[in-house]
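Contents: one structure, followed by commentary.
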There are 2 protein chains.
Amino acid sequence: MTYETRLFAALADPTRRAIFERLAARGQSVSELSRAMPVSQPAISQHLKVLKEARLVRDEPAGARRIYSIDPGGLGPLRQWLDRFWIEQLAAFQSKVDAVADREEG
Amino acid sequence: MTYETRLFAALADPTRRAIFERLAARGQSVSELSRAMPVSQPAISQHLKVLKEARLVRDEPAGARRIYSIDPGGLGPLRQWLDRFWIEQLAAFQSKVDAVADREEG
DNA sequence: GCTTATAATAAGCCATGACTTATGAAACTC
DNA sequence: GAGTTTCATAAGTCATGGCTTATTATAAGC
């Protein structure tokens, strides 16, 4: 699986996005997340694994706990992907503008 | 299913992203897409349906054909979602800066 | 040291999703 | 108008994904 696909797939699940958004507000442990969410602890751990493999999240041991938090640059590739189309759309728009200009000249 | 989920889910499939990227370059018909891609015509139609429901793509009849193209504002919600975290991350950074400033003052 | 808390992994279940072939329905081409 | 092209939908198959309960490993606390 491509890294890009991993990224989009990680964000495609609503539970996983909810976890990500919680972590964006504040880093926290697995148990804290699982207490706040309507799924079991193993489910949370599995989601965190997927998020981590997509480099959206990182973890750090803290005693028996493990604090998960947002990986700061994690959304960078998503932004880059998005910007590609921003550019392309601009280019497409520009060529239409040019076409009109040419028509009015000629 | 939430609209946001539909959007991410639509982009999570690599074949579907490939279709989207082709259409970003140039609007084209189903048959044209299916000739260029390694899946059957029905598969293409099914993918286009998903992309359309995510408002990433629109279509227009042209005789027996049907020309699909990018929906211009389709990526807007994705950008907005992304910007939310951009802001949040900035805010988190700012509070750290403030903390350091307070420490140096006190 | 024994118990308790925390989190990861294993195994199994069920729904969904991506694909296929087959078919039907419009619209053009001659 | 018969044949052809184009596209959507139906139906079926197979793999994957998200969840559960059960279990194990590691660290804390008394």
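Numbers restart at 1 for each chain; the letters A, B, ... are given by sequence-line order, proteins then strands. Model, not experiment: these values are computed from the prediction.
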Do [X] and [Y] sit within salt-bridge range, that is, some charged N less than 4.0 Å from a carboxylate O?
| X | Y | value |
| --- | --- | --- |
| A:Arg17 | B:Glu4 | yes |
| A:Lys49 | A:Asp59 | no |
| A:Glu21 | B:Arg84 | yes |

Starting at [atom1] of [X] and ending at [atom2] of [N], how long is that distance when rounded to a whole Å?
| X | N | atom1 | atom2 | answer |
| --- | --- | --- | --- | --- |
| A:Leu33 | C:dT6 | CG | P | 13 Å |
| B:Ile19 | C:dC19 | CD1 | C1' | 12 Å |
| B:Arg66 | D:dA8 | CZ | C1' | 10 Å |
| B:Glu53 | D:dT9 | CD | C1' | 13 Å |
| B:Glu60 | D:dC7 | CD | P | 13 Å |
| A:Ile67 | C:dA7 | CD1 | C1' | 12 Å |
| A:Asp13 | C:dA15 | CG | P | 17 Å |
| B:Arg17 | C:dA18 | CZ | C1' | 15 Å |

Indicate, with a heavy-atom threshold strictly under 4.0 Å, whether A:Ser34 touches base, sugar-phosphate, or nothing.
-> nothing
For A:Pro61, report the nucleic acid contact type (base, sugar-phosphate, nothing); a contact means any heavy atom under 4.0 Å.
-> nothing
Along DNA chain D (nearest heavy atom to each residue), the more 5'-positioned of A:Val39 and B:Lys49 | B:Lys49
Within 45° cone and under 6.0 Å: B:Arg58 NZ/CZ vs B:Tyr68 ring | no
Look at [X] and [N] and indicate whether a side-chain polar atom (N or O) is within less than 4.0 Å of OP1 or OP2.
| X | N | result |
| --- | --- | --- |
| A:Tyr68 | C:dA8 | yes |
| A:Arg16 | D:dG17 | no |
| B:Thr15 | C:dC19 | yes |
| A:Arg65 | D:dA28 | no |
| A:Ser40 | D:dT20 | yes |

Proximal nucleotide (of [options]) relative to the [X] side chain:
| X | options | value |
| --- | --- | --- |
| A:His47 | D:dA8, D:dG18, C:dA18 | D:dG18 |
| A:Ala64 | C:dA8, D:dC7, C:dT6 | C:dT6 |
| B:Pro42 | C:dT20, C:dA18, D:dA22 | C:dT20 |
| B:Ser31 | D:dG18, C:dT20, D:dT6 | D:dT6 |

State plainly whether one hydrophobic cluster holds both B:Val50 and B:Phe20, where clusters connect Ile, Leu, Val, Met, Phe, Trp and Tyr through side-chain heavy atoms under 4.5 angstrom apart.
-> no
Are B:Ile19 and B:Ile67 in one and the same hydrophobic cluster, where Ile, Leu, Val, Met, Phe, Trp and Tyr link if side-chain heavy atoms are under 4.5 Å apart?
-> no
Go through the N and O atoms of the side chain of A:Gln46 and the base of D:dT20, and report whether any donor-acceptor pair is under 3.5 Å.
-> yes
